[in-house]
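In what follows, residues are counted from 1 in the order of the sequence shown. Order of appearance sets the numbers: ligands from 1, and atoms from 1 within every ligand. Only a predicted model underlies this, so the values are computations on that prediction, with no experimental measurement involved.
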Amino acid sequence: MKCGIFSDEEATISHGDMKPAAVQAMEQPIGTRRLLVLDDEKDVGATICMLAATAAYEAEHTDDADDFLGKVVAWEPTHVVVDLQLSDRDGIEVLHQLAKMECKAAVIIISGLGGRVLDSSARAATENGLRLVGTLSKPFSRAALQSLLTANAPETSPGQNSSSAVQPLTVSERQLAEAVRANAFVVHFQPKIACANGALVGFECLARWPQQDGSMISPDVFIVLAEQTGLIHDLTRRIYDCALAALRQRLRGTELKIALNLSPINLNDKAFPRWLLGRCREYGIPPSQVILEVTETASMENPLALLENLTQFRIRGFHLSIDDFGVGYSSLVQLARLPFSELKIDQMFVKTLSDSEESRKIVTAVVGLGSSLGLNVVAEGVEDAWALDFLRDVGCDEAQGYFIARPMDRTAAAAWSGRASRREG
Ligand code: C2E
Ligand code: MG
Ligand code: MG
């Protein structure tokens, strides 16, 4: 049978030539998986259903959006496939409606409109809280569809923090002030490696606020409050002290670097560069082994003060990194004019490397830009081997992300680092 939706090399489907993924799926309990397809090309819908049936799905298709939405309610499919171009309305409208209905099905988006449109639709779907498993550009291969049908959809929506150790919640200024006074914060360490050979190059230090029940409050919750209330000055000193003390021995006699996050508000504290230099001297850590990561924000409204403050750190020998590059306020002008020595590509582009053509182009361009300005380029948010290979191929210097290691407490980081040194031999 000839199927117009599949790419040429795999244009024919028969039950006899099923791929291992589908065979595996058949071994899973039947009856638990129901696939509903919305596509105004009836033969496309029928073909997807036929393939899904060989992968142990009950499958139905329709070319009518209202019929589709009705069936989502009545039949409760576990998976839905939505084509973006429909005769009566567009797929975005349907996805929006699915989100409003709080549809829990795993979603696959298909289209013949090309990668950029698919990427934007995928973003719209996930930002609406749908469980997207992936997108397929028509014509697609049978294997590509099979792999999406057998993949697990993420359980969390993108707004949620994917680190299991961290619980988002709100805190009051009083609670935060008490915690700063009591020195209640700890630091977790996330390794950074060289893309070229996988060697450990250092650690980023990330603040955590442990709770009595063993959970941790995320820095996303308390850093902003600390910035708004002025507590950031004391908090930063405590976190830096803890991180420098923990890593001083590991750094000694090596070229490893410790990366610390610096709030732009800290830059208004004229005594801070001297304080930091003093702590580094005390711990025997040369400033050349310290990287300060600054995320640009709207609070950097005074470009001259920013230039002066950042330059003071560079004069003392610290490295400066522009964090989360590519989103928010970071701009090419700032990059060229401020004394940064490193650029950290935002994880938003890195996490999506394997399935977004747009992200691949942006990352390739940013690596080229950073390298041509003589900056050390780091990609954060590396979540799979494919991304790491891609980064190495495009010449990115360093990588950080869950695929390499999650942020760990001091003991786990020491063990990880010991294993890494033995591997590097
Ligand atoms: P950041 O500096 O960009 O740090 C990277 C964040 O990405 C960390 O979140 C880290 O856990 C997370 N991450 C690392 N690899 C992956 C990955 O592969 N996938 C995903 N999904 N996430 C990954 P965390 O620890 O929650 O920190 C959030 C932000 O809070 C940091 O972003 C930083 O801006 C701020 N922050 C953390 N510690 C401090 C601190 O001591 N001082 C200041 N001023 N800000 C801090
Ligand atoms: Mg950072
Ligand atoms: Mg970052």
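Nearest to the Mg ion (ligand 2), among the N, O or S atoms that E204 has, is OE2. Taking the Mg ion (ligand 2) as reference, the nearest N/O/S atom within E293 carries the name OE1. D323 contributes OD2 as its N, O or S atom closest to the Mg ion (ligand 2).
Here CZ of F272 is found 10.0 Å from NE2 of H233. Values are rounded to the nearest 0.5 Å. In this structure, L338 CG and R314 CZ are separated by 11.5 Å, a value rounded to the nearest 0.5 Å.
Below 4.0 Å from some heavy atom of K351 lie the following atoms of ligand 1, by number and element: 21 (N). Within the listing of ligand 1, atoms 11 (O), 24 (P), 25 (O) sit less than 4.0 angstrom from a heavy atom of R208. In summary, the atoms of ligand 1 found under 4.0 Å from a heavy atom of D323, numbered by their order in the structure, are 1 (P), 2 (O), 3 (O). Close approach to E204 involves these atoms of ligand 1, each under 4.0 Å from a residue heavy atom: 1 (P), 2 (O), 4 (O). Annotation for ligand 1: atoms under 4.0 Å from non-hydrogen atoms of E380 are 3 (O), 4 (O), 5 (C).
Any N or O atom pair closer than 3.5 Å counts here, and E227 shares no such pair with ligand 1. The shortest N/O to N/O separation between A207 and ligand 1 falls below 3.5 Å. Any N or O atom pair closer than 3.5 Å counts here, and T295 shares no such pair with ligand 1.
K257 and E398 are not joined by a salt bridge, as no carboxylate oxygen comes within less than 4.0 angstrom of a charged side-chain nitrogen.
Looking at L206 against ligand 1, both its backbone and its side chain come within 4.0 Å, counting heavy atoms. Residue V187 does not touch ligand 1, judged by heavy-atom distances below 4.0 Å.
Considering only non-hydrogen atoms, atom 20 (C) of ligand 1 lies nearest to E383 out of E383, R238, Q190. In the candidate list I239, I265, I404, I239 is nearest to atom 41 (O) of ligand 1, counting heavy atoms. Scanning Q347, R406, M348 for the heavy atom closest to atom 12 (C) of ligand 1 points to Q347. Considering each of V224, D220, N261, the one bringing a non-hydrogen atom nearest atom 42 (N) of ligand 1 is N261.
A distance-only check finds a donor-acceptor pair linking the side chain of N128 to the backbone of A124 [under 3.5 Å]. Judged purely by atom type and a 3.5 angstrom limit, K104 uses its side chain to pair as donor or acceptor with the backbone of E102. Panel note: side chain R34, backbone T78; no donor-acceptor pair is recorded below 3.5 Å. The closest donor-acceptor contact from the side chain of T352 to the backbone of F349 lies under 3.5 Å. Side chain of N309 to main chain of L267: a donor-acceptor pair is present (N/O by atom type, distance under 3.5 Å, no hydrogens or angles).
Taking backbone and side chain together, T295 holds no N, O or S atom under 2.8 Å from the Mg ion (ligand 2).
Using the six-membered ring where Trp is involved, F185 and W209 have ring planes that are tilted, between 30° and 60° apart. Taking the six-membered ring where tryptophan is involved, the planes of Y57 and H79 are perpendicular, since the angle between them exceeds 60° and thus also 30°.
A side-chain donor from one of E227 and S263 sits under 3.5 Å from a side-chain acceptor of the other. Side-chain contact annotation: E293 with S321, donor-acceptor N/O pair under 3.5 Å absent.
For the pair OE2 of E380 and OD1 of D324, the angle whose vertex sits at the Mg ion (ligand 3) is 110° to 10 degrees.
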